[in-house]
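Below you'll find the structure, written out as structure tokens, and then a few comments.
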Amino acid sequence: MKELKLDAHCEAILQEYRDNLPAFKERAAAIHKLLKETLDGAGLLVAAIESRVKTASSLRGKLALKGGKYASLKDITDVIGLRVITFYTDDVDKVASAVERLFAVDWENSVDKRKLLQIDSFGYQSLHYICSQEDFPYRFEIQMRTVLQHAWANMNHDTGYKSGVEVPREYLRNMNRLAGMLELADEQFSRIRADITDYRRRVQALVASGNLGEVPLDGDSFRSFLDLEPFDKLNRRIASVNQAEIQEVSLLPYLAVFKALGCRTLGDVQAMIKEYGEAAFQLACYQIGLTDLDIISSSLAPQDICIAAILKRGGGAEGIRLMFDQISGTSEANGMLAEMIVEQAKDLPFMNQK
Amino acid sequence: MEVKIERGNAEVTAFLIGRLDTPASLEVAPKINSLADDAGGTVVLDCKELDYISSSGLRLFLTVRKAAAAKGGRVIVRGMNPDIRNVFMMTGFLNLFEIQ
């Protein structure tokens with residue numbers, strides 16, 4: 001391709017760029033690193049952080065088009081460009097706030113394209129900040145947008161306003177329809193996330209206040225419930241039989257078992273602990289009391305509570321087998337184990353009480 | 001007590017043969033602990049010829065499990081006889097491993 005001819009003023013700007021290219025690359029990498037560390041530190045998960053230094057040919061093109069408006073290279077604010085792509089629209093503002101804390105923002109030249117769109121138009125939405133650092137003489141640009149805005153911008157860029165080729169009106173209309181749809185999708189994703197966060201807070205508050213009967217049993221609520229250590233007392237009681245050490249493990253696999261046993265709320269689980277805790281202790285005592293086993297896992301209490309509930313409710317060996325299949329995988333051996341437990345339990349006091 | 005380790009392409013298998021009581025656990029601990037190096041992949045603890053396991057033996061199994069959890073690997077306990085499975089059940093260890 002033929003190189004665009006520049007006047008002497010623009011050639012001088014281009015030469016300044018070439019002379020400073022290593023410094024631009026080094027600075028772009030440093031800003032990228034600083035942004036990443038800051039966002040990671042704030043626990044802000046983003047889809048991507050991109051950085052680039054404008055190529056000489058791209059700068060030449062820019063200068064050929066509008067070189068007269070730049071007095072020097074310092075007037076070109078996107079030689080270093082970074083882009084932060086977030087998952088949610090709300091996070092664009094959080095990233096912006098982090099950028100404002102890290103760098104000096106040139107407000108006059110920064111643009112919030114989200115606010116520029118008319119009420120009856122859809123399209124390119126992005127937040128562009130022109131920033132600077134005291135120890136570097138050139139400004140740089142940071143763009144912030146969501147993944148959906150990013151996808152739309154890329155698709156539009158391929159055949160859109162920068163291509164120089166006039167595209168049919170229908171194509172442009174379809175792109176705008178898509179932009180409107182993506183804007184709605186972005187809004188919905190944020191709303192869903194806000195709703196989930198709100199639900200988690202309400203569940204935590206209900207668990208903390210002890211209103212367990214009002215809390216539906218699900219992954220989130222069960223996790224909050226486990227924070228209250230509802231099985232610890234029984235585990236410690238069982239461990240004391242053999243002065244055993246308790247190995248803490250995740251009890252989340254028991255969520256499915258409690259659900260299978262008909263628990264619909266955390267209150268139901270709490271009621272099961274109360275109703276079958278003593279029976280579980282009797283079973284555990286019988287099983288390990290005459291052994292020298294001095295280690296148990298923290299899942300022993302929920303396991304034995306569930307076994308006791310199954311036995312008392314008449315679920316028998318088949319019910320216990322299903323429970324073991326659920327927590328440790330399907331196996332014929334689980335059937336034998338279940339038969340053995342039924343045999344062990346039949347003479348225990350809890351099995352002979354009404 | 002004997003521990004034979006076979007390293008294949010997809011997984012590492014430790015064949016546990018005999019009685020894994022306290023003295024035996026002390027004896028084979030270096031070999032079992034060496035499985036931590038492979039814990040990023042799949043480690044199989046083959047118990048087909050394991051006749052007995054004590055608390056010390058369970059602790060060795062836990063060591064492998066912890067290493068796998070730290071490295072994102074998986075631990076499969078294979079071929080337990082009814083007595084060993086019973087020990088796993090009595091101690092609440094049954095759901096700590098992938099059991100085959």
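Protein chains get the first letters and strands the later ones, always in sequence-line order, with residue 1 at the start of each.
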For Leu96(B), is it the side chain, the backbone, both or neither that has a heavy atom under 4.5 Å from a heavy atom of chain A? side chain
In Å and rounded to the nearest 0.5 Å, what is the CZ to CG distance from Phe88(B) to Leu337(A)? 12.0 Å
Option in Asp294(A), Ile327(A), Ile307(A) with maximal non-hydrogen atom pairs under 4.5 Å from chain B: Asp294(A)
Atom CZ of Arg223(A): over 12 foreign heavy atoms under 6.0 Å: no
Nearest 0.5 Å please: distance from the CG atom of Asn86(B) over to the CE atom of Met336(A). 11.5 Å
Does Glu332(A) CD have over 12 foreign heavy atoms under 6.0 Å away? no
Just by modelled atom types, is the Ile295(A) backbone N or O under 3.5 Å from a matching donor or acceptor in the Thr91(B) side chain? no
Can you list everything that forms a salt bridge (Lys or Arg N to Asp or Glu O under 4.0 Å) with Asp40(A)? Sequence neighbours excluded, please. Lys36(A)
For atom CZ of Arg200(A), decide whether the heavy atoms of other residues, nucleotides or ligands shown that lie under 6.0 angstrom number more than 12. no
Non-hydrogen atoms of chain B under 4.5 Å away: do they reach the side chain of Ile341(A), the backbone, both or neither? side chain
Between the CD atom in Gln100(B) and the OG1 atom in Thr330(A), the distance rounded to the nearest 0.5 Å is 12.0 Å
Would you indicate whether Phe87(A), at its atom CZ, is surrounded by more than 12 heavy atoms from other residues, nucleotides or ligands within a distance under 6.0 Å? yes
Only residue of Ser299(A), Ser297(A), Ser328(A) satisfying side-chain hydrogen bond (donor to acceptor under 3.5 Å, both in side chains) with Asn95(B) is Ser299(A)
Tell me the closest heavy-atom pair linking Gly92(B) and Gln303(A), and the distance in Å. CA-OE1, 3.9 Å
More than 12 non-hydrogen atoms from neighbouring residues, nucleotides or ligands closer than 6.0 Å to CZ on Phe189(A), yes or no? no
Between Ile288(A) and Met90(B), the two heavy atoms sitting closest are CG2-O, 3.6 Å
Side chain, backbone, both or neither of Ala333(A) within contact of chain B (heavy atoms, under 4.5 Å): both
With sequence neighbours left out, what residues match Ser240(A) under side chain to side chain contact (heavy atoms under 4.5 Å, CB included)? none
At a 4.5 Å cut-off on heavy atoms, which part of Asn334(A) comes close to chain B: side chain, backbone, both, or neither? both
Any residue of residues 39-73 of chain B which, by heavy atoms, sits under 4.5 Å from chain A: Tyr52(B), Ser54(B), Ser55(B), Leu58(B), Arg59(B), Leu62(B), Arg65(B), Lys66(B)
Under 4.5 Å from any heavy atom of chain B - which part of Gln326(A): neither
Could you look at Asp292(A) and say if it's the side chain, the backbone, both or neither that has a heavy atom under 4.5 Å from chain B? both
Considering heavy atoms only, which positions within residues 16-38 of chain B lie below 4.5 Å of chain A? none
From Gln287(A) atom CD to Met89(B) atom CE, the distance as rounded to the nearest 0.5 Å: 4.0 Å
